[in-house]
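Following: one structure in structure tokens, then a few remarks.
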Amino acid sequence: MQAIEPFFLTTPLYYVNAQPHLGSAYTTIAADAIARFHRLLGDKVILLTGVDEHGGKIEATAKTRELNPQEHCDEITQSFLTLWQDLKISYNFFSRTTNPKHKQKVQAFFQKVQAKGDIYEADYKGLYCLACEDFKSERELLEGKLCSTHLTPVQEYAETNLFFALSKYTEPLKTFFRENPDFVKPAFRKHEIEALLAEGLRDFPISRRGVKWGIEVPDKPEQTIYVWFDALLGYLSPFSDEDNPRASLHLIGKDILRFHALYWPAMLMSAELPLPKMVFGHGFLTMEGEKMGKTRGNVIYPHDLLYRFGIDAMRFYFLFSVPFGQDGDYSEKVFVQTVNAYLANRLGNLFSRVIKLKSTYKLEELTEAQLAMSSLRESLETLPAQVKACMEELDLSGALGLIFAAVDAMNLLLTEQKPWTLLKSAPDSAEYNAGSVAVQEVFQGLFVVAQLLCPFMPSLGEKMLAVFGLTEPRPWAEIAWKSRFTLDSTLESLALFSRIEG
Ligand code: MSP
């Protein structure tokens, strides 16, 4: 029997030149929500994240801090590990490029590509952005020769290096793109890649003489391997050569699309390894409409947001407010308003009202007929499948939008029926029964909503599941309108989410 292929998802390996940035947290939160959703579906999931530790940029930062590069890397890596723990990132592998196993893998890969005849020595002259660890052409730069992503000056670069014969893969890549039209997502980002392919790809240097902090080129210890040629292999280095998994999805930001959509597949083709199924380039986050940058002094640190507003607020805001794939903005005012409106008002109040009513009054179980006749039935019966369809398209904000539309429908039912008034009538009266049915219907709906929200907000999810006496979500097939659940008998009230203050 053939083993089922796991859903293998990666985040980029983050540079450890500085403390984790909001952009890194954003990619990782999204990857975690996708991974958790696949686990909810019953898939075997491998979520890999990690750090990219070599190269001139990190070498230079360690030097200014008067630390040896490894000490510097260990310290920053620890901040990433702490952040991922605090954000409940459920990764299965944490890949470090300073790991000895990684070094072996990179050198073996280099030799394989070399044996294929895809590596040669030549001179290179050009402009280099140390922050991107990438070459730039004049036309990509802003006035004053500034990198358009980092707004920092580029450097003149001239060295004799080893080159990777990327140009050789222009045609094979064109064929690959034709045969795999969904390889780059969102679709609008594909044009940029196709334009580069149409121009024809150029070979690029994959070794450095001037950088000591890197993996030595086999048989040429005076040169180190270019940090991107090294880091991309971090997606495979935790695995043995026999079970190199094929990536289902590389989740990245739009700025590093070219490396993942062109360089990486070409490298894999050269080494005769399987190509990833999809690369998704999400948008950039701005701060109050402006590009975030150290020079502007408007960088947001994820730990600050986390300590001030909590994990649920943070995960919810970025997953819900930014249509996945588009650019998004962070402004404290909008953040606070959105989070309070959805988590405290819509969701939190709904839970607390229903739990209060359930624990105060004796309510009859719904009959099959009442379940079938409920005005919530139609939307809640189809909700799991609709949310799944959105997630398959990586429309994370769309999925959350559907779940909150169901929450709104439940709030509306309560506002219209006012069970808190009906339940004050005599226990066997028609009014009392109508009140009882209304509360039970909503409770039934909350069960579905609670499960579906778990991948997005695992911490809040735990509190919601506890209402039903559960410690983890039920298997996918049971997240249905037809299942009946009882309230955890110890529960009398629940403050699901406390309002946040700006
Ligand atoms: N080390 C490389 C990736 C190597 S993968 C084999 C790298 N690291 S990074 O730390 O600079 O960037 C990591 C991710 O953060 C990228 O996906 C990038 O797009 C993302 N972001 C950086 N700034 C961002 C925003 N302002 N907004 C959203 N994400 C952005 O590149």
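This is a predicted model, so every value here is computed, not measured. We number each residue from 1, following the sequence as shown. Remember, it's 1-based here, ligands and their atoms both numbered in the order they're listed.
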Subject >> Salt bridge flag under 4.0 Å for residues R208 and E159 >> reply: no
Original post:
Is it true that D32 and R36 make a salt bridge, defined as a side-chain N closer than 4.0 Å to a carboxylate O?
Top reply: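 Counted as a salt bridge, because a side-chain N and a carboxylate O are separated by less than 4.0 Å.
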Original post:
Y235: what forms a side chain to side chain donor-acceptor pair (under 3.5 Å) with it, not counting sequence neighbours?
Top reply: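 With sequence neighbours excluded, Y235 shows a side chain to side chain donor-acceptor pair (under 3.5 Å) to H260, given in chain and number order.
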Subject >> Under the side chain to side chain donor-acceptor pair (under 3.5 Å) test, residues paired with N244 that sit two or more places apart >> reply: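 By the side chain to side chain donor-acceptor pair (under 3.5 Å) rule, N244 matches K105.
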Original post:
Within the side chain of D52, is there an N or O that forms a donor-acceptor pair under 3.5 Å with the backbone of A231?
Top reply: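 Checked: no pair found.
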For residues 182-194, tabulate all N or O donor-acceptor pairs below 3.5 Å that involve a side-chain atom, not counting sequence neighbours.
unit_1: R189; atom_1: NE; unit_2: G281; atom_2: O; d: 2.8
unit_1: R189; atom_1: NH2; unit_2: G325; atom_2: O; d: 2.6
unit_1: K190; atom_1: NZ; unit_2: P181; atom_2: O; d: 2.7

N/O contact list for ligand 1, threshold under 3.5 Å:
unit_1: ligand 1; atom_1: 1 (N); unit_2: L13; atom_2: O; d: 2.8
unit_1: ligand 1; atom_1: 1 (N); unit_2: D52; atom_2: OD2; d: 2.7
unit_1: ligand 1; atom_1: 10 (O); unit_2: Y15; atom_2: N; d: 3.2
unit_1: ligand 1; atom_1: 17 (O); unit_2: G253; atom_2: N; d: 2.8
unit_1: ligand 1; atom_1: 19 (O); unit_2: D255; atom_2: OD1; d: 2.4
unit_1: ligand 1; atom_1: 26 (N); unit_2: L285; atom_2: O; d: 3.2
unit_1: ligand 1; atom_1: 27 (N); unit_2: L285; atom_2: N; d: 2.8

